[in-house]
> 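Here's a structure for you.
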Amino acid sequence: MKNLGLKLFILIFLLFGINIFAKDINSISNSNWETLHLYHGENQRGGPFAFDDTYVEFEFGGRYEWLDLYGYVDFIDALNSSSSDKHGQNNFFVDIEPRISIDYLLDKDLSYGALQELFFAFDIYYADEPNGNGLKIVWMGLGSDIDIPWLGKSGVNIYTRYVEENYGASNENSFDGYVAHINWFKPIYNFTQSRFVSFQGYIDYEFGSDLDNNAFERTYRTSDSLQSYLGLWLHDKKWVVGYGLKAYKNMTQWKDGEVLNNKETDTTGFAHYFNVGYKF
């Protein structure tokens with residue numbers, strides 16, 4: 001099965017068959033939001049080398065009955081600057097994260113203690129590549145909303161990965177590895193009802209991969225990867241300004257400190273992100 005869109009359509013169609021309109025819609029608080037950001041990132045990781053870039057991100061999310069949705073589209077090298085390390089390369093990156101409420105499908109309240117709701121969880125990554133294979137990856141598994149002390153309601157998901165395209169790596173067209181994920185949004189100080197400071201971010205740990213099927217990969221690739229974004233953002237009614245510290249270890253499963261094309265790989269360390277955004 002090589003058609004990623006067809007696989008997703010079949011899976012979601014099957015889920016629709018589980019009495020998707022069973023739960024009382026009045027029990028769901030529907031909402032949606034969209035924000036347009038301008039980001040500048042220093043020492044970002046993704047691939048074997050660190051890079052700097054200024055990019056535009058359209059971020060969106062919300063809840064509609066059975067569907068909990070988050071996603072973003074990044075437009076790389078947004079200023080078309082020759083000083084960007086991404087100048088003339090891939091021009092966009094897409095991440096879509098739908099979750100389908102199991103509580104809703106079964107018309108049952110599955111909450112227990114700190115557990116608030118259960119989901120079928122997906123995460124879809126896509127990036128183009130002008131000169132070869134790009135990136136098409138789907139994470140699929142179980143998700144939950146859990147009330148974590150101090151952080152409050154947080155998304156905690158566990159996935160398996162299906163890799164359709166991975167820039168030509170040997171794990172293409174296969175299930176390869178797992179992902180543990182947590183995300184949170186914690187207001188920590190309120191100036192007014194609409195102006196506040198938040199602590200927000202996520203942690204992704206990818207593990208159990210078999211990306212070592214040839215001599216090159218055994219030298220340069222890893223079976224796991226870790227990234228974490230820790231952000232402090234000032235929110236107003238229509239504007240947001242943020243700073244984020246991002247920590248990496250073997251980002252995108254590249255080993256750190258190996259010599260590749262006469263250059264040392266740089267996939268472990270810290271990056272700094274600065275952003276300003278407009279809320280629609």
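Residues: numbered from 1 along the sequence shown.
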> Y205 and Y178: aromatic ring centres closer than 6.0 Å?
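They do not qualify: ring centres at least 6.0 Å apart.
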
> Under a 4.5 Å side-chain heavy-atom rule over Ile, Leu, Val, Met, Phe, Trp and Tyr, are V94 and L67 clustered together?
yes

> Taking the ring centre of each residue, are F51 and F49 less than 6.0 Å apart?
no

> Measure the shortest side-chain to side-chain distance between F191 and D236 over non-hydrogen atoms and say whether it is less than 4.5 angstrom.
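No. Closest side-chain heavy atoms not under 4.5 Å.
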
> So, taking the atom named NZ in K249 and the one named CD in E206, what distance separates them when rounded to the nearest 0.5 Å?
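If I round to the nearest 0.5 Å, the distance is 14.5 Å.
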
> If we check ring-ring contact (aromatic ring centres under 6.0 Å, His included) with Y159, which of these qualifies: W139, F119, F207?
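For Y159, the ring-ring contact (aromatic ring centres under 6.0 Å, His included) test succeeds with only one of W139, F119, F207, which is W139.
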
> Quick check on the 6.0 Å ring-centre criterion: do F120 and F122 meet it?
no

> Can the ring centres of W239 and Y278 be said to be less than 6.0 Å apart?
yes

> Kindly state whether the ring of F75 and the ring of Y55 have centres lying under 6.0 angstrom apart.
no

> Side-chain heavy atoms nearer than 4.5 Å, only ILVMFWY residues, links allowed to pass through others: does that put Y243 and F270 together?
yes

> What is the ring orientation for F93 with Y125, classed by angle as parallel under 30°, tilted 30 to 60°, or perpendicular over 60°?
tilted

> Please confirm whether Y273 and H37 have ring centers closer than 6.0 angstrom.
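Here the rings of H37 and Y273 have centres that are no less than 6.0 Å from each other.
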
> Restricting to salt bridge (Lys or Arg N to Asp or Glu O under 4.0 Å), what partner residues turn up for D176, sequence neighbours left out?
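Once residues adjacent in sequence are excluded, the partners of D176 under the salt bridge (Lys or Arg N to Asp or Glu O under 4.0 Å) criterion are R161.
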
> Count the heavy atoms belonging to other residues, nucleotides or ligands that lie under 6.0 Å from CZ of R218, then report whether that count exceeds 12.
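Counting neighbours around CZ of R218, more than 12 heavy atoms of other residues, nucleotides or ligands fall under 6.0 Å, so yes.
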
> Count the heavy atoms of every other residue, nucleotide or ligand shown that sit under 6.0 Å from OH of Y112, and state whether that count exceeds 12.
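For Y112, atom OH is not crowded (no more than 12 foreign heavy atoms under 6.0 Å).
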
> Return all side-chain donor-acceptor pairs below 3.5 angstrom for residues 141-154, not counting sequence neighbours, or 'none' if the list is empty.
from: S144; atom 1: OG; to: V156; atom 2: O; distance (Å): 2.8
from: D145; atom 1: OD1; to: R99; atom 2: NH2; distance (Å): 2.7
from: S154; atom 1: OG; to: G152; atom 2: O; distance (Å): 3.1

